[in-house]
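Values below: all heavy atoms of this structure, side chains included; hydrogens, waters and symmetry mates excluded.
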Amino acid sequence: MAPILYDYCKMPMDDIWKEDGDKRCKLVVGILGLLVIVLLGVLLIFFIIKANSEACQDGLRAVMECRNVTYLLQQELAEAQRGFRDAEAQAVTCNQTVMALMASLDAEKAQGRKKVEELEGEITTLNHKLQDASAEVERLRRENHVLNARIADTDSASSQDSSCAAEPPLLILLLGLSALLL
């Protein structure tokens, strides 16, 4: 007979699996747990090596420098915003002042125009009075000239004493009338 290469199990297969199943399951779980622990350990070592590498240290320094620069820039931005708000408030105040000054200027212009109109009216009135007075003075001069001519005519006929006595009161009368008109 030919030799058999496999060993014949005298127990049923169900019993074998049940008996060895608990041991095998514990062994598989143990091996898998050990593999997970070894894998995590290797990954942890790899991470530690990478974290302590020169490039990582440079990156950390760059991050810290960026944070410092960002902080300084935020402070400068806040200061610039405060300055902008202050300038904006000053601009509002200046605009209000300008508006008040413009309103005041408009009121002064209106008063000035009214005063100019009043003065122009007075000037016109005074010009009319001056023209009237000038016309009156001219009329009185003509009358004086006519009277002087008559006196001269009468003077040749009458004596010198009586005509000289009549001339000063007439002259005073003409000067008084012209002074009243002015």
Side-chain angles (χ1 to χ4, degrees), residues 43-182:
L43 288 175
L44 182 63
I45 291 170
F46 180 74
F47 176 74
I48 289 172
I49 290 171
K50 282 287 191 180
N52 290 327
S53 71
E54 189 70 29
C56 189
Q57 294 298 323
D58 290 343
L60 286 174
R61 273 185 242 124
V63 166
M64 292 303 289
E65 188 177 325
C66 286
R67 284 183 184 162
N68 289 340
V69 169
T70 301
Y71 178 74
L72 291 174
L73 288 174
Q74 285 175 341
Q75 284 182 334
E76 288 178 7
L77 177 64
E79 186 177 325
Q81 286 174 337
R82 279 191 301 272
F84 178 72
R85 283 191 298 269
D86 291 345
E88 209 172 35
Q90 285 179 346
V92 167
T93 303
C94 287
N95 285 340
Q96 290 172 346
T97 304
V98 165
M99 296 304 283
L101 288 174
M102 288 178 71
S104 175
L105 180 63
D106 288 341
E108 287 292 325
K109 280 182 183 178
Q111 271 186 332
R113 280 190 213 112
K114 187 176 179 182
K115 188 69 173 174
V116 165
E117 289 172 0
E118 288 175 9
L119 291 174
E120 284 176 347
E122 281 185 42
I123 289 171
T124 304
T125 304
L126 290 174
N127 279 337
H128 287 303
K129 285 182 180 179
L130 180 62
Q131 287 174 352
D132 291 343
S134 294
E136 184 65 25
V137 166
E138 190 59 37
R139 185 185 63 77
L140 289 174
R141 278 189 191 147
R142 276 187 250 129
E143 284 181 13
N144 188 21
H145 185 65
V146 168
L147 287 175
N148 280 339
R150 283 187 191 167
I151 290 174
D153 286 340
T154 18
D155 206 17
S156 55
S158 67
S159 72
Q160 272 296 17
D161 292 334
S162 64
S163 68
C164 285
E167 248 180 73
L170 181 62
L171 202 56
I172 291 173
L173 178 67
L174 291 175
L175 289 175
L177 283 174
S178 60
L180 284 176
L181 290 175
L182 291 175

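The side-chain heavy atoms of Glu143 and Val146, taken from C-beta on, include no pair separated by under 4.5 Å. A 4.5 Å side-chain heavy-atom check between Met64 and Arg67 finds at least one atom pair inside the cut-off.
The structure places CG of Leu119 at 11.0 Å from OG1 of Thr125, a figure rounded to the nearest 0.5 Å. Going from atom CG of Asp106 over to atom CG of Leu101 covers 11.0 Å, rounded to the nearest 0.5 Å. Expressed to the nearest 0.5 Å, how far CD of Glu88 lies from CG of Asn95 amounts to 11.0 Å. Between atom CD1 of residue Ile123 and atom CG of residue Leu130 there is a gap of 12.0 Å, rounded to the nearest 0.5 Å. Atom NZ of Lys114 and atom CD of Glu118 lie 6.0 Å apart (nearest 0.5 Å). Atoms CG and CG, from Leu72 and Leu77 in turn, are 12.5 Å apart once rounded to the nearest 0.5 Å.
Checked by atom type and distance alone, the side chain of Ser104 never pairs as donor or acceptor with a backbone atom of Ala100 at under 3.5 Å.
The environment of Glu138 atom CD is dense: over 12 non-hydrogen atoms of other residues, nucleotides or ligands sit within 6.0 angstrom. For Glu65, the CD atom sits in a loose shell: 12 or fewer heavy atoms of surrounding residues, nucleotides or ligands are nearer than 6.0 Å.
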Next item on the list: For Asp132 and Glu136, run side chain to side chain contact (heavy atoms under 4.5 Å, CB included): C-alpha distance rounded to whole Å, both residues' side-chain angles, the deciding distance at 0.1 Å, then the answer.
Entry: CA-CA 6 Å; Asp132 291 343; Glu136 184 65 25; over 6 Å; no

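A salt bridge links Asp58 and Arg61; the closest N-O separation between the charged side-chain nitrogens and carboxylate oxygens is under 4.0 Å.
If you run side chain to side chain contact (heavy atoms under 4.5 Å, CB included) between Glu79 and each of Arg82, Gln81, Glu76, Gln75, only Arg82 comes through.
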